[in-house]
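What follows is a single structure, written as structure tokens, with notes after it.
Keep in mind the model is a prediction, meaning the values are calculated, not measured. Numbered from 1 within each chain, the chains take letters A, B, ... in sequence-line order.
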Amino acid sequence: MTERAGAEASALSAELCMSNCITFRDLTLGYNSHPAVHHLDGTVRAGSLTAVVGANGSGKSTLMKGITGILKPISGECMVSPGTRLAYLPQQSEIDRTFPARVSDLVSLGLWPRRGLLGRHLAEDREAVANALSAVGLQNFEKRPIDSLSGGQLQRTLFARVLVQDADLILLDEPFNAIDARTITDLIALIGRWHDERRTVMVVVHDMDLVRDHFPEALLLAREPVAWGEARQTLSAENLLRARRFHEAWNENAGWCASDDILAPQGPALGAGGSSRSRDAA
Amino acid sequence: MSALYDGLIAPFAEFGFMQRALGGAILLSLSACPVGVFLMLRRMSLTGDAMAHAILPGAAIGFLFYGLAIVPMTLGGLVAGVVVALGAGFVSRLTVQKEDASMAAFYLISLALGVLIVSLRGSNVDLMHVLFGTVLALNDEALTLIGIITGTTLVTLAIFWRALVAECLDPLFLRSVSRLGPPVHFVFLGLVVLNLVGGFQALGTLLAVGLMMLPAAAARFWTSRVMPMVLLAIVIGLVSCVGGLLMSYHASLASGPSIILVAGAIYILSTLAGPRGILGSRIRPQRHRTA
């Protein structure tokens, strides 16, 4: 590639970075017609780093599943811009720890987007796996069986797999659960690196101080979006209080939501909190 | 030396039916044992058993119309197995019911239907034949069929190997990067049915599961990687077949159960002596490393 073509390509990618990576349009996600994410509107810019916060049951994990497409919307839309390569680290991974696999086997799964079902894993792929492992501080762990890893080591291994996936959009669901402080610092640094590389990252986090210190943007969920925008502003005392009023109690007989309501006016693409329509409209 | 020859080689060298039995058993081991390893790793060991019952009505319908003929019974078994596998799979994927329960429901219906159909015609001897097979009576037709099934299984496993491993190891991850997860599950169930159907001429519907599961379960105690486990399971399957056939020849025992019992003996031995078995994990090393 000539230098000029390279410059053009980077200009193009800069332009792409300004575009939206994910667009929610009146998105309602849930289970058995009970919403877990209610009427979410807004966009996630490409290259942004967003913390998703909220109480238990406020719809954070559900939103992640909705973005990956594992959970289909009840109504509305969740559009991920076409061609986006996605990496998803679920809260409760369904990894079978008793499966006879080594650390390198688990991390190599991350090569799937590149090599697929039949593509041979090349020397450069093995190198990518080794580099990813050393980036998360697990040098020479390739041959360890996965059932011999501690919880924190497994989490680092999964981060290494995300690294290998080389994705444009990275979704991490409570990646810091039961992780010691030093490891959190390492993983936060890694997330910062992804942000610097202009990847779009969304992380479900419970530690508010962590969000204030390390995340530029935050989305505060309480089934409906309470606030969405600059992290410190979003996590203001007032917003947190509003979010706290939400209770996760699941009312079996909750009335039907008048979802045909006129859409509430939307603010700017970013920072437009959710409209506060009652689900007990009846 | 000649005692050794008489004991181990002569039966196969001198009798055509023993050669056929050996050939069929080798083909079945090559094909069913790897499938068994994946069944075990997916914690679906009992699914093999359920599927073996499930193919009965199909085989029985073939038997009802054509008598003891291999092609109709095989095709019938294949159809019944696929119907039950798909039915159980769809119920578990579309409702809250897990696959173990839906599989149990479908195979019980299927088994009852099968026994009913067999009892419409034929004596108990025929039923015994369907249930327990006769490896010593394999004809060319049956051998060809088993050969085709072995080829199909090995090619399919080679193609879908990576997806199968991913689906066992981290199904949610596979779903996030590929749409292959659900199809792979059904392809795999198809292989299970195919191998059970292949095995039932030789070993009968019930013992076919034995050759699938026992070598796999035994291999688990010796290694902690998938590929060596598959190869070891095949070796254990082959040893069981040869050992079982010789045992049945010399002691005039039923061939199918003999093969399975040899595999069973290897399993028991492995649970005790394998590095990941009872003794291996109980004996504490006197020394430990610094890190």
Taking [X] for its side chain and [Y] for its backbone only, find out whether a donor-acceptor pair lies under 3.5 Å.
X: B:Thr95; Y: B:Ser92; result: no
X: B:Thr150; Y: B:Leu27; result: yes
X: A:Thr185; Y: A:Ala181; result: yes
X: B:Ser110; Y: B:Phe106; result: no
X: A:Thr68; Y: A:Ile70; result: yes
X: A:Arg199; Y: A:Ala167; result: yes
X: A:Asn20; Y: A:Thr23; result: no

* For A:Asp166 and A:Arg114, run salt bridge (Lys or Arg N to Asp or Glu O under 4.0 Å): C-alpha distance rounded to whole Å, both residues' side-chain angles, the deciding distance at 0.1 Å, then the answer. => CA-CA 9 Å; A:Asp166 190 24; A:Arg114 238 177 299 167; 5.2 Å; no

* Chi angles and distances behind the side chain to side chain donor-acceptor pair (under 3.5 Å) call for B:Tyr107, B:Thr47 -> CA-CA 10 Å; B:Tyr107 103 75; B:Thr47 300; over 6 Å; no

* Residues of residues 142-151 of chain A under 4.5 Å from chain B (heavy atom pairs)? ->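 Within residues 142-151 of chain A, the residues that come under 4.5 Å of chain B (heavy atoms only) are A:Ile146, A:Asp147.
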
* Heavy-atom contacts under 4.5 Å, residues 101-113 of chain A to chain B ->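 Answer by number: A:Ala101, A:Arg102, A:Asp105, A:Leu106, A:Leu109, A:Gly110, A:Trp112, A:Pro113.
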
* Asked: Which region of A:Arg85, side chain (C-beta onward) or backbone (N, CA, C, O), has a non-hydrogen atom less than 4.5 Å from a non-hydrogen atom of chain B, or is it both or neither?
  ->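 Neither part.
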
Between [options], who has the most heavy-atom pairs with chain A when the cutoff is under 4.5 Å?
options: B:Pro171, B:Ala166, B:Ser176; result: B:Pro171
options: B:Leu180, B:Leu41, B:Leu169, B:Asp170; result: B:Leu169
options: B:Val226, B:Ile159, B:Leu172, B:Val177; result: B:Leu172

* Under a 4.0 Å N-O cut-off, is there an ion pair linking A:Asp96 with B:Arg42? ->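 Here A:Asp96 does not pair with B:Arg42 in a salt bridge, since their nearest N and O are not under 4.0 Å apart.
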
* **Residues A:Asp173 and A:Lys60 bridged, charged N to O under 4.0 Å** =>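 Judged by the 4.0 Å cut-off on N to carboxylate O distance, A:Asp173 and A:Lys60 do not form a salt bridge.
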
* Quick one: of A:Leu171, A:Thr98, A:Leu89, who has the most non-hydrogen atom pairs under 4.5 Å with chain B? ->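 Ranked by heavy-atom pairs under 4.5 Å with chain B, first place is A:Thr98.
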
* Asked: Hey, would you say the B:Phe90 and B:Phe186 ring centroids sit under 6.0 Å apart?
  ->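 Distance test on ring centres: under 6.0 Å, yes.
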
